[in-house]
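Note that the structure is predicted; figures quoted are calculated from it, not measured.
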Amino acid sequence: MTAKASATQVSPHSYRKVAIAACFGTFLEWYDFLTFATLAVVFAPLFFPTSDPSTGLLASLATFGVGMVVRPVGAAIFGSIGDRIGRRPVFMITITLMGIATVCVGFLPTYAQVGIWAPILLVSLRLLQGLSAGGEIGGSAVYLTEHAGSVNRGFKTSFLQLMGPLGILVSTLQIAMLQSYLTHEQFLAWGWRVPFWVSLLLLLLAFKARISLEETPIYLQLSKADTQSKSPLRDNLKDPETRKRMFLLFFCISAGGAVLFFCVQVYTSIFLKTSVQLSPQLVDQLSVYATLALLPLTIFAGWLSDKFGRKPVVVSGLILGATLILPAFHLLQNNGNSTTLISLILIGLSAILALVVGPQTALLAELFPAKTRNSAATLPHNLAAGWIGGLLPLIVTWLNQQWASDIAGLWYPTIFLASGALVAMLYLPETKQINLNH
């Protein structure tokens, strides 16, 4: 794992084609997966009616969390398949599962129509979404990085990290437009379904783009030499160095990025709507500004990691996150009348998030040997995103209710980020010069 960077390169045109197809598919995964989070407040009365709005919101957030919790199961299944038979076939399966499950959400009956079956069906579709996302998110990072060559790998692969924010951006804009043209009653009656119906068109486009994808050169070499692992997950867990790196990926890189992502891109929206009590339309507008700022910041962070190394960039983001999350939310809570200040705070939080996720795509692949890379990277990444990041809004909301405070729950992500920063400083290796062929 200490060899010089591989000399194998991919032509710019070929890599661009691969990157567009891979990124578009991942965009659809994130659009589908996070549209639910954007509509969590809307789903509460439709699928979990209760006399206590806080209880309904908790139930809605728990359903979102269910999809995250099963992501590691999808990662274990599809990650091993990716190491045994190739990265490309997994992409076709996961994109189809996600697309079908999401379109079906748009046709679900509500609690008022079918009673208890409404939340049961909703949870079932979230489970399918979670399995699909577990195979896609992480596996796509390996696929793109193995195509990227050795020059400017952090910069070139950082574009994949834009797909999550873009998924939220498109979903948010779409919902904001619907809410501006429809009455509140119309939106609750059928308008919330439109983003899920749109998934059908996106699925067809993504499937068409992905069907022309080629297998990665590194996996083709493994296949030609017949050196693929027969039991990649077991081999990973038996090797002490791989186990150590899987833990570092889980605890520092993926969990740190997931905590920041859900604090910045998901929970801030919920917090501004419920605690600060800003109008949903205004919150959506502010979220758009923050997301637009995140896009170039993420690419810049990927470029920084090529110049100065992956480790210093990621550690800087973890330290800043641990230091500034609580003060940022205090300012949001106490300055609800200043949209300019709220916008600046959201953009500042986005910059911190970018430092962790910008180099993340390259790191996922660089930490592990080629023959077990897909499963080694995918499982801890999805375990962190599912169990740490995905449950963050639920845990923070619950802690806030227990302590009768809108801020107290944010000590959880603060302590987690501080711990991740310390472990990363001590044990995370620098990987930017790694040869991915080994």
Side-chain angles (χ1 to χ4, degrees), residues 1-10 15 79 83 87 137-161 216-219 221-222 232 236 239-258 298-319 354-385 420-438:
M1 297 291 288
T2 59
K4 293 182 179 179
S6 170
T8 304
Q9 299 296 325
V10 180
Y15 180 75
D83 281 327
R87 324 302 196 206
I137 302 167
S140 56
V142 171
Y143 181 86
L144 195 59
T145 305
E146 288 188 345
H147 272 288
S150 59
V151 179
N152 296 325
R153 196 156 58 205
F155 169 76
K156 289 194 288 186
T157 58
S158 66
F159 285 86
L160 187 68
Q161 295 295 334
T216 71
I218 291 172
Y219 185 83
Q221 290 180 16
L222 290 173
N236 288 328
D239 181 65
E241 179 63 20
T242 302
R243 283 203 311 269
K244 172 187 171 183
R245 293 189 174 212
M246 288 174 73
F247 172 76
L248 290 171
L249 173 61
F250 165 80
F251 190 69
C252 304
I253 303 162
S254 297
T298 300
I299 297 171
F300 179 66
W303 176 84
L304 278 179
S305 75
D306 286 326
K307 301 300 178 184
F308 302 105
R310 319 285 188 232
K311 181 174 179 176
V313 176
V314 170
V315 170
S316 297
L318 294 173
I319 292 174
L355 290 173
V356 177
V357 301
Q360 192 180 84
T361 301
L363 263 168
L364 258 66
E366 292 169 347
L367 280 169
F368 304 107
K371 68 177 183 178
T372 57
R373 177 174 293 141
N374 207 68
S375 53
T378 302
L379 179 58
H381 182 66
N382 282 280
L383 197 63
L422 179 61
V423 172
M425 283 191 292
L426 294 174
Y427 300 109
L428 184 66
E430 181 53 62
T431 62
K432 73 170 185 174
Q433 297 297 331
I434 288 296
N435 182 354
L436 291 177
N437 290 296
H438 300 311

Reported [atom1]-to-[atom2] distance for the pair [X] and [Y], which is rounded to 0.5 angstrom:
X: Phe308; Y: Trp303; atom1: CZ; atom2: CH2; value: 6.0 Å
X: Leu367; Y: Ile434; atom1: CG; atom2: CD1; value: 8.5 Å
X: Thr372; Y: Asn236; atom1: OG1; atom2: CG; value: 4.0 Å
X: Phe368; Y: Thr378; atom1: CZ; atom2: OG1; value: 9.5 Å

Under the side-chain contact (heavy atoms from CB on, under 4.5 Å) test, which residues partner Leu383, sequence neighbours left out? Pro72, Phe250, Trp387
For the pair [X] (side chain) and [Y] (backbone), establish whether a donor and an acceptor sit closer than 3.5 Å, ignoring hydrogens and angles.
X: Gln360; Y: Ile253; value: yes
X: Arg373; Y: Leu364; value: no
X: Tyr143; Y: Asn374; value: no
X: Lys311; Y: Pro429; value: no
X: Arg310; Y: Glu430; value: no

Restricting to side chain to side chain donor-acceptor pair (under 3.5 Å), what partner residues turn up for Asp239, sequence neighbours left out? Thr242
By side chain to side chain donor-acceptor pair (under 3.5 Å), which residues pair with Ser158, not counting sequence neighbours? none
Do you know the tightest heavy-atom contact between [X] and [Y]?
X: Ala301; Y: Ala354; value: CB-O, 3.1 Å
X: Val142; Y: Ala377; value: CG2-CB, 3.9 Å
X: Leu249; Y: Ala376; value: CD2-O, 4.2 Å
X: Ala370; Y: Ile218; value: CB-CG2, 3.8 Å
X: Ser305; Y: Lys432; value: O-CD, 3.7 Å
X: Ala384; Y: Ala258; value: O-CB, 4.1 Å

Looking at Tyr427, I'd like to know if the NZ or CZ of Lys244 sits under 6.0 Å from its six-membered ring centre while staying within 45 degrees of the ring's axis. no
Just by distance, no angles: are the side chains of Thr298 and Gln161 close enough, under 3.5 Å, to form a donor-acceptor pair? no
Within the 4.5 Å heavy-atom criterion, are Leu436 and Arg153 side-chain neighbours or not? yes
Within-4.5 Å side-chain heavy-atom neighbours: Val314 and Leu363: yes
Taking CZ in Phe155 as the centre, count heavy atoms belonging to other residues, nucleotides or ligands within less than 6.0 Å. Is the count above 12? no
Answer yes or no: does atom CZ of Phe159 have more than 12 heavy-atom neighbours from other residues, nucleotides or ligands under 6.0 Å? yes
Picking from Thr431, Asn435, Thr157, what satisfies side-chain hydrogen bond (donor to acceptor under 3.5 Å, both in side chains) with Glu366? Thr431
